[in-house]
Structures are given as C-alpha cells and as structure tokens.
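Report on the following structure.
Just so we're on the same page: letters track the sequence lines, and every chain starts at 1.
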There are 2 protein chains.
Amino acid sequence: MASRTIENYLKQIYLSRPADETQWLTMGKLSTAVGVTPGTATSMVRAISDAHLVEYEPRAGVRLTPAGEQLALHVLRRHRLIELLLVQVLGLDWSEVHEEAEELEHVVSDRLLARIDEILHHPAFDPHGDPIPTAGGVVRRQDCCTLLDCPLGEPTSIARILDQSAEFLQYVNQCGLLPGAEIRVASRNHQAQTVELMAIKPGETQVEAMSFSVAEKFLVQLNERKK
Amino acid sequence: MASRTIENYLKQIYLSRPADETQWLTMGKLSTAVGVTPGTATSMVRAISDAHLVEYEPRAGVRLTPAGEQLALHVLRRHRLIELLLVQVLGLDWSEVHEEAEELEHVVSDRLLARIDEILHHPAFDPHGDPIPTAGGVVRRQDCCTLLDCPLGEPTSIARILDQSAEFLQYVNQCGLLPGAEIRVASRNHQAQTVELMAIKPGETQVEAMSFSVAEKFLVQLNERKK
DNA sequence: CAATTGACTTTGGCAAAGCAAAGTTAATTA
DNA sequence: TAATTAACTTTGCTTTGCCAAAGTCAATTG
Ligand SMILES: [Mn+2]
Ligand SMILES: [Mn+2]
Ligand SMILES: [Mn+2]
Ligand SMILES: [Mn+2]
C-alpha cells in the first residue's frame, strides 16, 4: 500500500493541480505544498512515477494518472469525512479539525470509514463546504460563484470557504458566515473595494462589510426560488 | 516527541513487564511483543535508554524509568479511550477495535483526546474491562479473581477479559459474558477440568460450561451485597 | 570442569524520507 | 545574440527502523 508520504503527495498533487487540465503541476508548487525542498520532491515524484501513479516530465512537472487520482480521492474522502465527524460528533471547532484530519486520514481503516459515513448519513460536504468524494471516487460538482461575482440583491447561501487557515475560519465563525448561512450582497463599492452583505434572518437585518480580497474567499449558491 | 515506534516499545515494555517489580523484562520477550528481531530490539532499546525512558542492562533486560512509564501510560490511555469510542459512539464490534486503536493511538491529539474523554463521561474501563489510566497517569487498581479461583455460588460480575484475540472476543460475545454481565459459578469439576456458570437474569437460568484454561481468561468481581 | 546450548549482542547492509549545496536548463533581459 | 536568472535536478550525506547472520556470554548438562 501507499505510504503516508505518498498519500500526502498524491493528495497535494490533486489539490494543487492547475485549472487547465492539459497543464502540468510544477515541481516548485508541489514542493511548497508538501513542505519539502525541491530536490526531495523531485526524487519522490520519480518514485511515485515508477509506481505509475503520476506522469512526470522533467522541467515540465507532474500530473496524476487515473490510478493516482483514485488514490488521491480516497485520501481526500477520508480527510473530509473525518473533519465532519470531528465537528459534528466530537464537537471540535471547525478551525482545528484540518490539522487533526491531516494525520487521521492515513490511519482510518475502510471499515471505520464506512461507519463514519453511515453515522453522518452519507454527507456530501465537509465542514468547510468542500465536496466529499464518493467511495467510488467521484466528486460531485457544485456550481458556485464568489461574493465578488454573484448577482446583487439575490438571496444566496454560503456554500464553501476557500481560505481554511484557523484565523480566517474563526473570523468567519464570528460573523456567522458558515456554509448554509443565507445572505444577500447588498452592494459593491469599487472605489473602496468593499462588499456589503445583508443576513437574511427573520425580522432582523444584519450588515457586514468586507474587502474584495476577502469576499473572493466565499463561494455562494443562489437560493432556489420559493414561490 | 517520541516517535510512534518508541511509543509502541514503551507500551509493550509496560504491558509485558514481569509481575515482580524488581525483575527485568527480557529482550526476547520484548522483541516478540513488539514484533521485531532481537537485534532490532536491542538497538532500539539502547536508543530509548539514551533518552532516559528505560534502564537497560545488557543480558538482563529492560525496565521503564518513571518518565518512560508516564509516557507508556499516556499511550495506553489513548489506546483504551479510543477503543471505547469506537465501540460506544461509532458502533464497531469490540473484537475489531484493538487493531484500529493500535494505529490511532499515535495520532490523536491531546485536544481530541480530551473531547473523547468528555463525550464518554470520563470512563474508567475500556470495552475489554482494562482500566484506562487517568490523564495524570494513574492506573486505578481493581481487585478481581478469575472464574477459577472466585468463590462458588456467589453472585459476581464479569470485569475483564484477558484473551483479546478477535476469535475469543467473538465467542465471549456469543455467550453474553461481556464485562458487566452478572453470573455465578455453579460448580467446578476438577476431573473434567470444567467450570459451570449460571447467568443471573430475571426469571431465566442459563448455563454455560468452559474448561479451566478458558475460565482463567475471565476476571470477575464479587457483587456488593444488596440487603 | 569442560562442553554445549539458548539467549542475547554486534556487525554490516538496506530502504524510505529528508536536507544542503552544487550543477543544469531554459526563459528573460539587455 | 549574449548574459543573467529563476526554476529545477543531481549529488552526497543524514536519520530512523528494520533484517540476517555472525559473534559472545552464561547457564546448564554431562
Ligand atoms: Mn496527511
Ligand atoms: Mn475541509
Ligand atoms: Mn500502536
Ligand atoms: Mn482493550
């Protein structure tokens, strides 16, 4: 079986892969994502490539094979299911579960994972709104836009938080913008580079302002019309 | 911090230590307990001894220092709390949790462990009846006798199962002799080398027979008088 | 008391994972 | 086009754990 090191590399290759599918992930990006020196990444990638889990083109970069992608998605599934368990069942704060899951993801057996999945009723998203791959290795697509480019005034729900640093997540917590929260973008001020939000709560109107750079870190979904 | 290898060695040194406190644990016993060749155990123990976690006397054996014992007890606490969580909250069978906990015990953070402890209401015993060391590293003593040497006819409760192989635990499950089960030893037949048990259930009298060698694997406690 | 034996230790070697620093490429700049 | 530079690869070395096989010690046994 793949060592925990290899699992970590594969997961990071998946998460850091460039949007354009034909592109390679550069070794520089990979080495910083994994947290090793570039030389270490090169030799590790060579090894993983011998195992046919990635394609490696010197001076171009690295890219997952179908087998490697399946493995990466399994690790990601473990990671995200564990995060949700830690939040929902064990009551950890969502800002601290990532570190924890980073270790646990390599150690939880298939049997235990199946039980976790059952207890959580086969959830589709983790506490940060990231999609949980299915046991078969399929990632469900959600179409979202950021608070920067979603339509003004429309009722929307927070779907996903892109900056998952502990500090940012604590800020998100404070202003109640967790995944699921219903809000509208009241206005955008291009001079001040700010976005004004309104919470949709019964009888109450709360306002929150944030800069464009922060607004970009929230993905939202348009609420379905209830007429 | 101690590597997972060192944690495993310390835990095994603790669990395999001879009953007589003045005795050393031999390297042979340790190496089979840890599952490595004798040479490997020797060199590892040398290293652990350099870290002042054990005393090592060549050709005599090994023995925990107070610091090493504290560390061993912390690993044991993690192991046993995790086992109980897996059974009580995640619904795994008690015959499969040991393997699982063997890995998880090295990876669960203090914060997570504290939450587990809370959720389980600070339990004193794991699913097999083994005592869970306190966070301060204290093991509560329970005075038990085996089904071989407990008094005949007295109402007792199963306290602890000494053979924790998956097969044996499944047998224990089948005859309902889990920790907490109330029974009386009806008789012992020294010719046949068997023990006859009676379950104490409302209105029902169930009988179970087992050999001396199996009876030895059950620790029981006398029930307090209810007069 | 010597010989044998079993338990233990030592030695030498290997694989995984990592770093530092030197050496290459290839893209950019002048 | 030539020089510079940033990104990448190679090389050499380290640490941690492990095994196999050879060597040593001490307890029994004859
Ligand atoms: Mn990880
Ligand atoms: Mn997440
Ligand atoms: Mn373990
Ligand atoms: Mn146990």
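Atom pair B/Trp24:CH2 and D/dA26:P shows a separation of 15 Å (rounding to whole Å applied). Spacing between atom CZ of A/Arg59 and atom C1' of D/dA7 amounts to 7 Å, rounded to whole angstrom units. In this structure, B/Met27 atom CE and D/dC19 atom C1' are separated by 16 Å, rounded to whole Å. In this structure, B/Leu10 atom CG and D/dG17 atom P are separated by 12 Å, rounded to whole Å. Between the CZ atom of A/Arg46 and the C1' atom of D/dT9 there is a distance of 8 Å, given to the nearest Å. Atom-to-atom, CD1 of B/Ile48 to P of D/dT16 comes out at 12 Å; the value is rounded to the nearest Å. Rounded to an integer number of Å, the gap from CG of A/Leu25 to C1' of D/dC8 is 13 Å.
Nucleic acid contact for A/Ser3: sugar-phosphate only, since backbone atoms but no base atoms lie under 4.0 Å from a heavy atom of the residue. Within the 4.0 angstrom heavy-atom criterion, no nucleotide atom of any strand lies near A/Ser43. Within the 4.0 angstrom heavy-atom criterion, only backbone atoms of the sugar-phosphate kind lie near B/Thr26; the bases stay farther away. Residue-level contact check: B/Thr40 touches the bases, meaning some heavy atom is under 4.0 Å from a base atom. Counting non-hydrogen atoms under 4.0 angstrom, B/Gly39 reaches a base of the nucleic acid.
A centroid separation of less than 6.0 Å is found between the aromatic rings of B/His79 and B/His98.
Salt bridge status for A/Glu105 with A/Lys11: present, with a side-chain N to carboxylate O gap under 4.0 Å.
Scanning all heavy atoms of the two residues, the minimum distance from A/Tyr14 to A/Ala72 falls at CB-CB, 3.9 Å. Here the closest heavy-atom approach between residue B/Glu55 and residue B/Trp24 is recorded as O-CZ3, 3.5 Å.
In this structure, the side chain of B/Arg77 does not engage the main chain of B/Gly136 through any donor-acceptor pair within 3.5 Å.
Protein chain A contacts DNA chain C over a range whose 5' and 3' limits, counting nucleotides with an atom under 4.0 angstrom from a non-hydrogen atom, are C/dA17 to C/dT25.
Annotation: side chain of A/Arg140 is not in contact with side chain of A/Phe125 (no heavy-atom distance under 4.5 Å).
Scanning for ring-ring contact (aromatic ring centres under 6.0 Å, His included) contacts around A/His190 gives A/Phe212, with sequence neighbours left out.
Considering only side-chain N and O atoms, B/Tyr9 lies under 4.0 angstrom from the phosphate OP1 or OP2 of D/dC18.
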